[in-house]
Amino acid sequence: MQFLHITFDKIAVISQYNFSSQKMEFLHTTFDNIYKIAIISLMAYASCIVLRSVKNVFFGPLAKVPGPKLLALSNAFMLYRLIRKQRHVLWKYVQLQLVPKYGKLIRVGPNKIICSDKDEIKRILVTENLPKGQIYENFCADKITRKTLGSTVDVESGKKMRRLFSYGFSTKYLSSLEPLIKNCIRDLVTKIEEDMMEQGVVVNIVDLIRYTVLDIVGDNIFGKSFKSFSSEYNSSFDIFELVQVEMRRMILYMMGLINERRKLDTKRNDLLDIVINLTEDKENAMNDVKVRDQCLEFLVAGTETTSFTITLALILLAKHPEKMQKVIKEFEDAFVDLESDDLPTLDELKKLPYLNAVIMESMRIFPPLIGPVKETIEDMMICGYFIPKGTAITCNTYATHHSKEYWGDDVEEFKPERWLEPEKLPKDAFLPFSAGSRNCIGMNHAWNTMRLILGTLIHRYNFEDIPNQKLEFINIFLIKLENGEYKLKATKKK
Ligand code: HEM
């Protein structure tokens with residue numbers, strides 16, 4: 001208040017306006033009143049918001065859904081944990097504290113719930129086929145003109161867009177990629193063997209796998225590997241460091257590839273061609289920036305998820321030598337004639353039950369994406385609770401994968417054997433790729449990559465765990481190892 005008086009007096013001095021003392025008094029009183037009214041209005045507004053939020057917590061349509069009242073009050077409480085870089089704590093808080101305490105349906109915001117009931121999740125994803133939550137619209141730079149597949153929330157537009165990309169993820173196209181994938185895997189093998197000595201080599205498995213998968217997904221999209229192990233691109237690409245210099249460098253590199261491709265006369269029919277061809281399609285016309293955004297989305301969605309699963313599978317096998325022996329034995333029996341320098345084929349790898357069980361079990365233990373977020377378009381009942389239109393529902397895949405009720409008492413054990421008896425597996429409780437019309441479009445691509453990389457590595461090397469390393473995870477939407485590295489000792493098989 002004092003500030004306003006001083007300012008007002010200063011204006012009078014500066015403008016050399018000759019205010020009479022009566023006028024000054026009048027103006028001061030007027031300012032006093034305006035100031036008081038502003039403060040009172042602000043306080044009334046804030047009280048209204050607080051009262052409305054409190055009313056919403058206790059008497060709103062979601063009031064009966066269990067959950068901490070503080071979270072129901074405002075989204076700010078979850079955001080606060082995120083901003084304070086407590087990402088790993090937030091994830092553990094939800095899975096290890098909220099789920100055991102509140103059960104299968106939890107309210108975690110004014111209009112946000114988390115569901116861990118497998119049958120309700122199936123209804124949300126498949127039967128009701130609810131649209132993706134509005135939150136996905138934030139994943140593209142411009143909500144109107146620059147929508148990508150992943151950020152398109154509406155059911156019909158999503159279906160239409162998926163049809164446009166379907167060839168790039170078809171079995172026919174994916175089979176044609178096998179030689180390209182193998183070339184990227186050969187770069188990985190060369191990298192390991194360059195550093196390999198008689199007694200083996202200690203490798204940071206996180207980086208090695210991530211670079212290889214980045215090359216493979218890059219090859220699938222751009223028809224050109226990033227050659228991460230040599231100097232052509234050589235990036236420490238990390239989706240979690242999106243704002244960093246490396247990401248900008250990668251975007252520039254991608255723009256170069258897009259320009260190069262636009263100049264080519266021949267068609268390659270890979271994903272980049274498909275995306276670029278949309279430029280000519282009036283309805284879906286794409287400029288370079290839109291092409292770049294869509295390619296970047298494929299790259300990000302495909303790289304971290306696939307590489308995390310392969311890395312985790314190798315770490316879990318190294319930590320359970322008896323399981324590692326089983327997978328090695330399966331290989332030795334299946335590939336008696338395969339030279340150690342040859343790579344097994346995809347068709348052969350698909351037929352190895354234990355290898356495939358190891359991949360499934362790794363995705364069960366840690367689904368790389370915790371769960372799709374959907375939004376109710378009309379009032380509905382979920383787990384016996386009334387859920388109003390416009391509620392965001394996170395389908396908590398991690399919790400369904402870790403439910404004793406669904407999987408039995410050994411749910412926390414790494415046990416690939418459970419996949420060898422499919423009739424005993426719980427129905428609809430395994431959703432690493434989500435389900436319904438917006439499930440993972442890259443699922444088959446991921447399976448091919450996971451089988452080929454794991455198959456090659458297990459065929460050529462023995463991996464040993466190095467004890468006492470930190471194995472903690474950060475998970476907001478995607479998952480990663482907290483300190484970005486995990487070391488294994490690799491020795492070449494005789
Ligand atoms: C192990 C590997 C993978 C896992 C576990 C995985 C998982 C998922 C999940 C759970 C979703 C649904 C997300 C949501 O609704 O929020 C999804 C969507 C998606 N995935 Fe994957 N993914 C993997 C690999 C890939 C690959 C290799 C690609 C592409 C090269 C890819 C591209 C996409 C895209 C574009 C979407 C959005 C689809 C849509 O909105 O219709 N993913 N993925």
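By convention here, the first residue in the shown sequence is residue 1. Just so you know, ligand 1 is whichever comes first in the structure, and atom 1 is the first atom listed for that ligand. Remember, predicted model here, so these are calculated numbers, not experimental data. Worth knowing before you read on, the calculation uses all heavy atoms, side chains too, and leaves out hydrogens, waters and symmetry mates.
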Run the salt-bridge test on Lys404 and Glu412 with the 4.0 Å N-O cut-off and return the result as yes or no.
no

Against ligand 1, does Tyr136 come closer than 4.0 Å with any heavy atom?
yes

The option among Gly436, Pro432, Ser362 carrying the non-hydrogen atom nearest to atom 10 (C) of ligand 1 is Pro432

Given that the side chain starts at C-beta and the backbone is N, CA, C, O, which of these parts of Thr309 lies under 4.0 Å from ligand 1, counting heavy atoms, or is it both or neither?
side chain

So, Lys350 versus Asn356: side-chain donor-acceptor pair below 3.5 Å or not?
no

Arg162 N/O under 3.5 Å from ligand 1 N/O:
yes

Side-chain donor-acceptor contact under 3.5 Å, Thr148 with Gln294:
no

Please confirm whether Phe430 and His401 have ring centers closer than 6.0 angstrom.
yes

I'd like to check the side chain to side chain contact (heavy atoms under 4.5 Å, CB included) partners of Arg162; sequence neighbours left out, ordered by chain and number.
Leu149, Arg438, Asn439, Ile441

Does Gly150 come within less than 4.0 Å of ligand 1, judged by its heavy atoms?
yes

Do Tyr486 and Asp465 meet the criterion of a side-chain donor-acceptor pair at a distance under 3.5 Å?
yes

For the ring pair Tyr354 and Phe331, is the centre-to-centre distance below 6.0 Å?
no

Under 3.5 Å between any N/O of Lys132 and any N/O of ligand 1: does that happen in this structure?
yes

Within the 4.0 Å heavy-atom shell around Gly442, which atoms of ligand 1 are there?
26 (C), 27 (C), 28 (C), 31 (C)

Against ligand 1, does Phe169 come closer than 4.0 Å with any heavy atom?
yes

Taking only heavy atoms of Ser434, which atoms of ligand 1 are found under 4.0 Å from at least one of them?
10 (C), 12 (C)

Show the atoms of ligand 1 that are less than 4.0 angstrom away from any heavy atom in Pro368.
5 (C)

Going by distance only, is there an N or O of Arg438 that falls short of 3.5 Å from an N or O of ligand 1?
yes

List every atom of ligand 1 that sits less than 4.0 Å from any heavy atom of Phe298, numbering the atoms from 1 in the order shown and giving each element.
29 (C), 30 (C), 35 (C)

Quick one: closest heavy-atom pair of Thr152 and Gly158, and the distance?
CG2-N, 3.8 Å

Out of all atoms in ligand 1, which are within 4.0 Å of some heavy atom of His445? Include the element for each.
27 (C)

Ion pair present between Lys487 and Glu485, side-chain N to carboxylate O less than 4.0 angstrom?
yes

Which is closest to atom 42 (N) of ligand 1 by heavy-atom distance: Ser151, Cys440, Ser307, Pro372?
Cys440

